[in-house]
Number of protein chains: 2
Amino acid sequence: MRNDSRLSRMLHVLIHMDRHQDAATSEMIAKMLNTNPVVVRRTMAGLREEGYVRSEKGHGGGWRLARPLSEITLLDVYNALGEPHLFAIGPADDQPQCLVEQAVNAVLADAMKKAEALLLRRLGGVTLEKIAAEFEAKMTARSAAAYSCAS
Amino acid sequence: MRNDSRLSRMLHVLIHMDRHQDAATSEMIAKMLNTNPVVVRRTMAGLREEGYVRSEKGHGGGWRLARPLSEITLLDVYNALGEPHLFAIGPADDQPQCLVEQAVNAVLADAMKKAEALLLRRLGGVTLEKIAAEFEAKMTARSAAAYSCAS
DNA sequence: GTAATTTGTAACAAGACAAGTGACATGAGT
DNA sequence: ACTCATGTCACTTGTCTTGTTACAAATTAC
């Protein structure tokens, strides 16, 4: 559990959801991700609130895409997850009195801000459809559906 | 304790160490950082091994800079700390079988790698002397040494 | 209308990791 | 010898994602 893997997991799931029509239950998705149905619901809740997926209770229920992959960027998913902390490092004190510490924090914050901006800009520039297309390319190259997990 | 603040703390300490000649004990430094002497020794150990500071036991002992600030970049300090994890996010699985997951991870890893490269390049381009100079500028502007913590 | 299925949610344990803390050995100066 | 200071081990604490159990609520099937 070293990293926050929610973004990675949700991207993975959304693309799979696009590849079969019918609703996917939390249990199916959990098996795909090697995790627990409750974790799935918890994490997907953010995506539902932002309108990227829908969920239905009862028989035949489960999760469905609510938008085409072409209209969802990686940044959208990141935002829907509540914009989790990107960095593992940070200042020791957010409001230091010491001017030296302020100067140190300013330099670090600036560098991190620039790096974060670059990362988010990249996430915003890639749609899920693009990743799906890359996958399709690999698939036809190998012509072997078995490589895709649980699909 | 939300973030790993070792880099921020060490930069702060090194600049202060340059401002007074005599050795600084772990206890003095700990007070400055609002922490514990053991934490200070633990964290400074990496800097000592890389030759940026020296430590001496016994009376009059403590920590001293072993190099001028102009020869230490923020990246040097980061590396000396053992290159802690920069990002809080990451893939769910490092060696996934699923091609979809592989495609997702590849895109994320690429974006993160670029952001990391940018960040490290920036850290490598700034010496501690430069931060100290920024501090001096502020100081003369305010002409009030009291703003600096414990110095 | 009762049973089966599936989400929604709360509550809590596990795991990881930096940070905090206490204890004690080691070395250096007075 | 005594004091000061580092070096290091062992353990606890705080925080955050995950994992898990339990149960209510909604929806479909028989």
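Every chain is numbered from 1, with letters handed out A, B, ... down the list of sequences. Note that the structure is a prediction, hence the values are computed from the model and not measured.
In terms of phosphate contacts, A:T25 brings no side-chain nitrogen or oxygen within less than 4.0 Å of OP1 or OP2 of C:dT5. In terms of phosphate contacts, B:S26 brings a side-chain nitrogen or oxygen within less than 4.0 Å of OP1 or OP2 of D:dT6.
Each of A:P84 and A:P37 was assigned the nucleotide of DNA chain D with the nearest heavy atom; the assignment lying further toward the 5' end belongs to A:P84. Nearer the 5' end of DNA chain C, as judged by each residue's closest nucleotide, is the contact made by A:H59, out of A:H59 and A:R48. Residue order along DNA chain C, read from the 5' end via each residue's closest nucleotide, puts A:G61 first among A:A45 and A:G61.
Closest to the side chain of B:N36, from the set D:dG19, C:dT7, C:dG20, is C:dG20. Comparing D:dT17, C:dG20, C:dT7 against the side chain of B:R42 picks out C:dG20 as the nearest. Of all nucleotides listed (D:dG7, D:dG19, D:dT15), D:dG7 comes nearest to the side chain of B:S55. Of the candidates D:dT20, D:dG7, C:dG8, D:dG7 carries the atom nearest the B:K57 side chain, counting heavy atoms from C-beta on.
Atom CG of B:D4 is separated from atom P of C:dG20 by 11 Å (rounded to the nearest Å). Spacing between atom CZ of B:F87 and atom C1' of D:dT17 amounts to 18 Å, rounded to whole angstrom units. Per the geometry, NE2 belonging to A:H85 stands 15 Å off C1' belonging to D:dG14, to the nearest Å. Taking atom CG on B:N3 and atom C1' on D:dT15, their separation rounds to 11 Å, with Å as the unit. When rounded to the nearest whole Å, the span between CE of B:M10 and C1' of C:dA18 equals 13 Å. Taking atom CE of A:M44 as the reference point, atom C1' of C:dT6 lies 13 Å away to the nearest angstrom.
A:R41 contributes no side-chain N or O that forms a donor-acceptor pair with the base of D:dT18 under 3.5 Å. No N or O donor and acceptor, one from the side chain of A:R64 and one from the base of C:dT6, sit under 3.5 Å apart.
Counting any heavy atom pair closer than 4.0 Å across all strands shown, B:E56 reaches sugar-phosphate atoms only and no base atom.
Distance alone, capped at 3.5 Å, is enough to place a donor-acceptor pair between the A:N36 side chain and the A:V38 backbone.
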Which donor-acceptor pairs under 3.5 Å do side chains of residues 58-70 of chain A form with protein atoms, sequence neighbours excluded?
unit_1, atom_1, unit_2, atom_2, d
A:W63, NE1, A:S26, OG, 2.9

